[in-house]
S.K.: 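Got a structure here, written out as C-alpha cells. Questions coming.
Per chain, numbering begins at 1; letters A, B, ... match sequence-line order. If you're wondering where the values come from, they're calculated on a predicted model, not measured in any experiment. Values reported hereafter were calculated over all heavy atoms of this structure, with side chains retained and with hydrogens, waters and symmetry mates removed.
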There are 2 protein chains.
Amino acid sequence: MQLSDLSPAALAEELGQRLKQARLNANITQAELAKRAGVSRKIVLSAEKGQVQLENFAALLLALGLAEQLNNFIPKPQISPIQLQKLQGKKRERASGSRAGSNQPSDAIDEGEPSW
Amino acid sequence: MQLSDLSPAALAEELGQRLKQARLNANITQAELAKRAGVSRKIVLSAEKGQVQLENFAALLLALGLAEQLNNFIPKPQISPIQLQKLQGKKRERASGSRAGSNQPSDAIDEGEPSW
DNA sequence: CTATAAAGTGCAAAATTAGGAACTTTAATG
DNA sequence: CATTAAAGTTCCTAATTTTGCACTTTATAG
C-alpha cells in the first residue's frame with residue numbers, strides 16, 4: 001500500500017490503526033495505556049482512529065516504547081547540500097526565492113533523491 | 001539524543017522542528033505549503049511547534065512528500081509471535097489477561113527484541 | 001455457554017484549536 | 001545597508017477536541 005496515495009484523514013487513520021496494533025502486541029488495555037501515558041481513555045480511543053493532537057499521540061508512542069522509531073521516519077533534519085553551499089556560517093530560517101516580481105517557491109517538491 | 005527521554009510535549013515539538021527543516025530543505029514558504037496541503041497558514045505555523053492535530057500533520061507530510069517514510073516508523077503492524085501461536089484463524093481485537101481477581105496487563109512494556 | 005473485563009457510545013461542560021485578517025518583526029537578497 | 005517578503009503575533013469568533021461519568025456492546029477466557 002502506498003501511504004502517499006491516502007488522503008490526510010486516511011493517513012491519520014492508518015497511523016491510528018498501527019498504534020492500536022502496537023498496543024495489542026504489547027497486550028495492554030486502552031485503560032492501562034491511558035494511565036501509563038497520562039491521558040484519558042478517550043484519547044486512546046480516538047487516537048486509534050487517528051483523531052488526536054500530535055502531543056497526545058506522542059505521549060502514547062512514548063508509553064508504548066515506540067518513540068525511538070521516529071528517528072527513522074522524520075530523520076533528524078540534516079541540512080540539504082544545496083543549502084550547505086549557500087549558507088556561510090548560519091543556518092537558513094526562511095524559505096527564499098528570487099527577488100523580482102514576487103514568488104516562485106520551488107514549484108514542485110523535488111522528487112528523486114531525498115533532499116537530505 | 002534520545003527521543004524516548006523527551007516529554008510528550010517536547011517530542012511533539014521535536015517533530016514539528018523536523019517538519020520545518022524538511023520544508024526549508026524543499027525551500028517553500030509556510031504559505032505555499034499551507035496552500036499545497038489544503039490547510040491554513042496558521043496550521044503550518046503551529047504544526048512546526050508541535051501543536052497540531054494528527055490529521056493536519058499528515059496533510060503536511062503528504063504535501064512535502066514525506067508520507068512514505070512513515071512506514072519506517074510505525075511499520076505496518078505485524079502480528080506478534082506470541083499472538084500468532086494463540087490466535088486460531090481470527091486476529092486479536094482486545095487486550096487480554098488472566099481471568100482471576102482482575103488484571104495484570106503485562107506490567108512493563110517488553111523491552112529487548114521488538115515485539116514484532 | 002457464561003461471566004466478565006475490554007472496547008465503544010452518548011452527553012454536557014470545559015478547554016483547546018482553527019479560521020481569518022491586520023499588523024509587527026526579522027531574515028536575507030541584491 | 002535598504003528593501004521586502006517570510007515568519008511570527010494578536011484578537012475575536014467558530015469549531016473541534018478533551019474530560020468524566022454512566023451505560024451498552026462484544027470479545028474471549030475458562
S.K.: Spell out, as yes or no, whether a donor-acceptor pair under 3.5 Å connects the side chain of B/S46 to the backbone of B/Q51.
M.R.: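 Present.
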
S.K.: Would you please name every residue forming a side chain to side chain donor-acceptor pair (under 3.5 Å) with A/S40, sequence neighbours left out?
M.R.: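 With neighbours one apart ignored, the set is empty.
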
S.K.: Applying side-chain contact (heavy atoms from CB on, under 4.5 Å), name anything that partners B/A58, two or more places apart in sequence or on another chain.
M.R.: A/L11

S.K.: Measure from CZ on A/F57 to C1' on C/dT16 and round the result to the nearest Å.
M.R.: 20 Å

S.K.: If you only use heavy atoms from C-beta on, which nucleotide in D/dA7, C/dA18, C/dG8 is closest to the side chain of B/V52?
M.R.: C/dA18

S.K.: C/dA6, D/dT18, D/dA27: which one has an atom nearest the side-chain heavy atoms of A/N56?
M.R.: D/dT18

S.K.: Counting side-chain heavy atoms from C-beta on, which of D/dG8, C/dA6, C/dC11 comes nearest to A/K42?
M.R.: C/dC11

S.K.: Please round to the nearest 0.5 Å and tell me the distance separating atom CG of A/L45 and atom CG of A/L33.
M.R.: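 CG of A/L33 is found 11.5 Å from CG of A/L45.
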
S.K.: Quick one: is C/dT16 close enough that its OP1 or OP2 comes under 4.0 Å of any side-chain N or O from A/Q53?
M.R.: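 The answer is no; no side-chain N or O of A/Q53 sits under 4.0 Å from OP1 or OP2.
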
S.K.: Which one, C/dA18, C/dG8, C/dA7, comes nearest to the side chain of A/E48?
M.R.: C/dG8

S.K.: Please determine if a side-chain N or O atom of A/R92 lies less than 4.0 Å away from the OP1 or OP2 oxygen of C/dT29.
M.R.: yes

S.K.: Between A/S40 and D/dT18, is there a contact of a side-chain N or O with OP1 or OP2 at under 4.0 Å?
M.R.: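 The answer is no; no side-chain N or O of A/S40 sits under 4.0 Å from OP1 or OP2.
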
S.K.: Between P on C/dT16 and CD1 on B/I43, what's the gap in Å once rounded to a whole number?
M.R.: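 Checked: the CD1 to P distance equals 17 Å.
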
S.K.: Whole angstroms only, please: what is the NZ-P distance between A/K20 and C/dA6?
M.R.: 14 Å

S.K.: Confirm from the modelled atom types if B/R41 and C/dG19 form a donor-acceptor pair under 3.5 Å, side chain to base only.
M.R.: no

S.K.: Closest-nucleotide mapping onto DNA chain C: is A/E55 or A/R23 further toward the 5' terminus? I mean the 5' end.
M.R.: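 Nearest-nucleotide comparison on DNA chain C picks A/R23.
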
S.K.: Between the axis at one end of the helix from C/dC1-D/dG30 to C/dA28-D/dT3 and the axis at the other (five pairs apiece), what's the angle to 10 degrees?
M.R.: 80°

S.K.: Across the strands shown, which category fits A/L45 at heavy-atom distances under 4.0 angstrom: base, sugar-phosphate, nothing?
M.R.: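 Base, at least one base heavy atom under 4.0 Å.
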
S.K.: Does B/K49 place a side-chain N or O at less than 4.0 Å from the phosphate oxygens OP1/OP2 of D/dT9?
M.R.: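 Yes, such a contact exists.
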
S.K.: Please state whether the phosphate of C/dA28, meaning OP1 or OP2, lies under 4.0 angstrom from any side-chain nitrogen or oxygen of A/K91.
M.R.: no

S.K.: What pairs with B/Q30 under side chain to side chain donor-acceptor pair (under 3.5 Å), at least two apart in sequence or on another chain?
M.R.: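 Checked B/Q30 against side chain to side chain donor-acceptor pair (under 3.5 Å); matches are B/E48.
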
S.K.: Using a 3.5 Å distance criterion without hydrogens, assess whether the side chain of B/E68 forms a donor-acceptor pair with backbone atoms of A/S4.
M.R.: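 Confirmed, B/E68 side chain pairs with A/S4 backbone.
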
S.K.: May I have the distance from B/L24 (atom CG) to D/dA5 (atom P), rounded to whole angstrom?
M.R.: 19 Å

S.K.: Excluding sequence neighbours, so at least two apart, what forms side-chain contact (heavy atoms from CB on, under 4.5 Å) with A/A37?
M.R.: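 Counting only residues at least two positions away or on another chain, A/A37 forms a side-chain contact (heavy atoms from CB on, under 4.5 Å) with A/V39, A/A59, A/L60, A/A63.
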
S.K.: Do B/R94 and D/dT26 share a donor-acceptor pair, side chain to base, under 3.5 Å?
M.R.: yes

S.K.: Considering heavy-atom distances to DNA chain D, does B/E93 or A/Q51 have its closest nucleotide positioned more toward the 5' end?
M.R.: A/Q51

S.K.: Applying salt bridge (Lys or Arg N to Asp or Glu O under 4.0 Å), can you list everything that pairs with B/K35, at least two apart in sequence or on another chain?
M.R.: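 Salt bridge (Lys or Arg N to Asp or Glu O under 4.0 Å) check on B/K35 returns B/E32.
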
